[in-house]
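If you read the sequence from its start, that first residue is 1, and numbering goes on from there.
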Amino acid sequence: MAWIVLVISGLLETVWAVALDRSAGFTRLVPSVVFAVTLVASMAGLAYALREIPVGTGYAVWVGIGAVGTALVGMLALHESASLPRIVCLLLVVAGVVGLKVFH
């Protein structure tokens with residue numbers, strides 16, 4: 001259960017990162033509220049998962065999921081560069097996250 005919560009929390013990190021960008025420095029209400037709610041939920045999920053998963057592994061997986069998710073949203077929805085080197089680097093992050101889970 002801790003791993004499922006950790007993955008969901010990592011996905012929520014993607015949501016709050018994109019909402020933070022869309023809030024325009026907290027000048028737009030809806031993205032600011034989405035940011036705050038998903039930030040708290042993401043942190044709460046991370047805290048829950050860390051009761052069973054070591055902090056080094058849990059935090060690295062959480063950050064990896066959030067970073068890859070945010071980069072993918074940027075490339076697919078926000079028209080950021082989707083160059084081959086960027087995609088390869090994201091695949092390396094995914095490989096690291098999977099490795100941390102496998103060797104946990």
Non-hydrogen atoms of Leu50 and Gly58 that approach each other most closely: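 Nearest pair, atom of Leu50 first, then Gly58: CD2-CA, 3.9 Å.
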Closest heavy-atom contact between Ala41 and Leu12?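 Shortest heavy-atom contact: CB-CD1, 3.8 Å.
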Hydrophobic side-chain clustering at under 4.5 Å (ILVMFWY, transitive links): who's grouped with Tyr48? Put none if nobody.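 Traced through the cluster, Tyr48 reaches Met1, Val5.
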Taking side chain to side chain contact (heavy atoms under 4.5 Å, CB included) as the definition, give me every residue that meets it alongside [X], ordered by chain and number, with sequence neighbours left out.
| X | result |
| --- | --- |
| Val37 | Val33 |
| Ile87 | Met75, Leu91 |
| Val7 | Leu11, Ile65 |
| Ala19 | Val34, Phe35 |

Under a single-linkage definition using a 4.5 Å side-chain heavy-atom cutoff for Ile, Leu, Val, Met, Phe, Trp and Tyr, are [X] and [Y] assigned to the same hydrophobic cluster?
| X | Y | result |
| --- | --- | --- |
| Val88 | Val68 | no |
| Val30 | Val40 | no |
| Trp3 | Leu100 | yes |
| Leu39 | Val18 | no |
| Phe103 | Leu92 | no |

What pairs meet the side-chain hydrogen bond (donor to acceptor under 3.5 Å, both in side chains) rule with one or both residues in [range], with sequence neighbours excluded?
| range | answer |
| --- | --- |
| residues 17-34 | none |
| residues 65-80 | none |
| residues 6-20 | none |

Pairs meeting criterion ring pair (Phe, Tyr, Trp, His ring centres under 6.0 Å) with involvement of residues 49-76, two or more places apart: Tyr59-Trp62
With rounding to the nearest 0.5 angstrom, report the OG1 to NZ distance, Thr57 to Lys101.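 So the OG1 of Thr57 and the NZ of Lys101 are separated by 10.5 Å.
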Measure the spacing between CG of Leu46 and CD1 of Ile8 and express it to the nearest 0.5 Å.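 Answer rounded to 0.5 Å: 13.0 Å.
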